[in-house]
Amino acid sequence: MTQRPDLDQLSAEQLRALATELFDRVESKERALVYRDAVIEKLTHEVAILKRHKYARRSEQLDAVQGKLLDELIDSDLAAIEAELDQAMTEEQKAARPKQQPKRTPLPPELPRTLIHHEPDNTQCQCGCQLKRISEDVSEKLDYVPGEFTVERHIRGKWACDKCETLIQTPVPPQVIDKGIPTAGLLAQVLVAKYADHLPLYRQERIFGRAGLEIPRSTLAEWVGACGVQLQPLADALRNALLEHNVLHADETPVSMLAPGKKKTHKAYVWAYCTTPFSELKATVYDFTPSRAGEHARTFLGDWQGKLVCDDYAGYKAGFGNGITEIGCMAHARRKFYDLHEANKSELAAKALEYIGGLYEVERDTKELPADKRREIRQTRAKPIADALHQWMLAHRQKVPDGSGTAKALDYSLKRWAALTRYLNDGAVPIDNNWVENQIRPWALGRSNWLFAGSLRSGQRVAAVMTLIQSAKLNGHDPYAYLKDVLTRLPTQKNNAIDEMLPHNWKPATPDKV
């Protein structure tokens, strides 16, 4: 504790300095309080809006399946906002909030039980007497390992001293969802089933029902929302790790987004950013945005300056004048000639495909080599092929009429030739953008089951969870085992040690049962 200065011993100059310091502290605290209150007001307003949409009459344009999905999204958003409110509020504000006692159906007695005892390390009272065990508190949590539901029965003994009436009890172990029934294993299963196996919550509700468990999808949605808030710092940390690398892939794909209360969807976009197959870091980070505007890519990349492998979408162009180097995608160039050949068996397209095939043959031969050796072989084998292709395209472009399919295929490559061939000078740069297209494929599979995202918030939550799931897969981890361990450790993990739980650094704390 800082010792209070003796004001009588301070000079006028020292008193002014002290007063200035105190005013600065007060102003800083006032700003923090104003910001906190603004956040609380904003989140409270969001809760009110979502509750109104949840209990209002549903649009007749939504069919039964869409209605179920929208219910899931609203319930998840409500749980996520409530979790953020808890983080923003002081203990006094939390205590003043009205308490809602959840009504839970007892867990089926036929499920196998695992007894977990929580007892004090020391049962000696401070007065010197031996404590006596007088009673216990028992709580049950539903656990899941693939193919089996079990119940964890947590028993917390109460120990009392006859002499001084001291009472001690081991505190409840911290959980991602306090006072809830799910273990980290069950939460991991719900997340993996929804975001890796693309099972909407109403289908999971039926699966649980067949096992004798009555868990409403609204409850499942609350779990998903709360987990999304808890996992967001991990996704943010992974983004920071990704941006430390000099070569990245980028791509984007549309996802329908339905704002609650509206009668139609509009196109939102998910952007995928990932390291290359040659990088030591195996990571993919998704960013969900309300539109395809290039500003979203610039916001994500921030001050990053490196080589960006991407398609020819104009949204990336602004960054190329700010220290970002464009790397073209040879697969896109090849696709133009492939489509031309498929359409009319063009001999010119067949010749172009032959040249490009030679470039890819070099890539197959150098796939496992270090970057410097790959660059050396590209210079000796691939560069002559690329130069010959360029001269061949220039010569044939003069012979074909403007506006024809052949002219368009040639122009696509000729206009982007510098970007398409930059990979030849750097062995750490890939020839195309196919790697990130593979990383974005889970969204194409998922949206056929989700149909739409219910809000920007729910889309961002999906992006965070799928970031961790996809990156866990890239690092050879079972997503269930990874998320189970992370959700177990997260409540007690220090903020400065959050990187330990990123997929590329993760090591299980204890051997998993899976």
Side-chain angles (χ1 to χ4, degrees), residues 64-65 67-76 78-79 101-116 138-155 172-173 175-228 230-231 442 445-446 448-451 461-462 465-466 468-469 472-473 477-488 490 508 510-514:
V65 172
K68 291 177 181 178
L69 292 171
L70 183 57
D71 282 343
E72 294 177 9
L73 295 166
I74 292 177
D75 287 329
S76 295
L78 281 169
Q101 190 67 28
K103 296 179 181 179
R104 298 195 183 101
T105 304
L107 295 174
E110 65 272 13
L111 290 181
R113 256 77 174 163
T114 301
L115 302 185
I116 302 176
V138 179
S139 61
E140 291 192 334
K141 292 185 174 293
L142 184 63
D143 192 21
Y144 179 85
V145 294
E148 181 184 14
F149 287 100
T150 60
V151 176
E152 288 185 356
R153 191 173 177 84
H154 292 258
I155 304 169
V172 178
Q175 305 283 331
V176 169
I177 298 179
D178 287 331
K179 301 179 181 178
I181 66 165
T183 65
L186 181 56
L187 293 174
Q189 168 61 23
V190 172
L191 293 175
V192 170
K194 181 173 175 62
Y195 296 123
D197 300 330
H198 315 298
L199 285 175
L201 297 181
Y202 74 89
R203 294 183 188 169
Q204 294 192 52
E205 179 186 27
R206 295 173 186 169
I207 293 172
F208 292 151
R210 289 196 294 271
L213 298 164
E214 295 182 11
I215 305 178
R217 63 175 176 274
S218 60
T219 300
L220 297 175
E222 291 171 5
W223 296 352
V224 169
C227 288
Q230 297 292 330
L231 293 172
L445 295 173
S448 64
N449 289 279
W450 309 325
L451 301 182
R461 179 175 60 250
V462 177
V465 177
M466 289 188 65
L468 298 175
I469 288 176
K473 290 180 180 178
H477 305 315
D478 171 16
Y480 167 80
Y482 169 71
L483 283 180
K484 177 181 177 180
D485 187 66
V486 164
L487 291 170
T488 300
L490 199 55
T510 54
D512 204 277
K513 293 186 287 183
V514 215

Problem - Exercise: identify the closest heavy-atom pair between Arg461 and Gly228 - result: CG-CA, 3.7 Å
Handout entry: side-chain contact (heavy atoms from CB on, under 4.5 Å) involving Glu214 - partner list, sequence neighbours excluded
Key = Thr105
Problem - Contacts of type side-chain contact (heavy atoms from CB on, under 4.5 Å), residue Gln204, not counting sequence neighbours - result: Val190, Ala193, Lys194, Leu199, Leu201, Phe208, Leu220
Handout entry: Worked check of side chain to side chain contact (heavy atoms under 4.5 Å, CB included) between Leu191 and Leu468
Key = CA-CA 11 Å; Leu191 293 175; Leu468 298 175; over 6 Å; no
Handout entry: Heavy-atom pair with the smallest gap, counting every atom of Ile181 and Trp223
Key = CG1-CZ2, 3.9 Å
Practice task
Mind checking the CG-CG spacing from Leu142 to Leu186? Nearest 0.5 Å is all I need.
Solution key: 5.0 Å
Exercise for the section: Measure the shortest side-chain to side-chain distance between Asp178 and Val172 over non-hydrogen atoms and say whether it is less than 4.5 angstrom. Expected result: no
Handout entry: Separation of Tyr202 OH from Ile207 CD1 (nearest 0.5 Å)
Key = 11.0 Å
Exercise for the section: Any side-chain hydrogen bond (donor to acceptor under 3.5 Å, both in side chains) involving residues 183-193? Give me the pairs, sequence neighbours left out, ordered by first then second residue. Expected result: Asp143-Thr183
Fill in the blank from the handout: Taken in chain and number order and not counting sequence neighbours, the residues that satisfy side-chain contact (heavy atoms from CB on, under 4.5 Å) with Pro112 are Glu148, Thr150
Exercise for the section: Report the distance from atom CD of Gln175 to atom CG of Leu490, rounding to the nearest 0.5 Å. Expected result: 11.5 Å
Practice task
Specify the closest pair of heavy atoms between Pro108 and Gly212, including all atoms of both residues, with the distance to one decimal.
Solution key: CG-O, 3.3 Å
Exercise for the section: Would you please test Val145 and Tyr480 for side chain to side chain contact (heavy atoms under 4.5 Å, CB included) and show each step? Expected result: CA-CA 9 Å; Val145 294; Tyr480 167 80; 4.0 Å; yes
Practice task
Could you tell me which non-hydrogen atom of Ala196 sits nearest to which non-hydrogen atom of Lys473, and how far apart they are?
Solution key: CB-NZ, 4.3 Å
Handout entry: Side chain proximity check, Cys227 to Val465, heavy atoms < 4.5 angstrom
Key = no
Handout entry: Nearest heavy atoms of Lys141 and Ile177, plus distance in Å
Key = NZ-O, 4.4 Å
Practice task
Quick one: pull up CD in Gln230 and CG in Leu187 and give me the separation to the nearest 0.5 Å.
Solution key: 10.5 Å
Problem - Partner residues of His154 under the side chain to side chain donor-acceptor pair (under 3.5 Å) criterion, sequence neighbours left out - result: His118, Glu152
Handout entry: Heavy-atom pair with the smallest gap, counting every atom of Leu107 and Arg113
Key = O-NH2, 3.5 Å
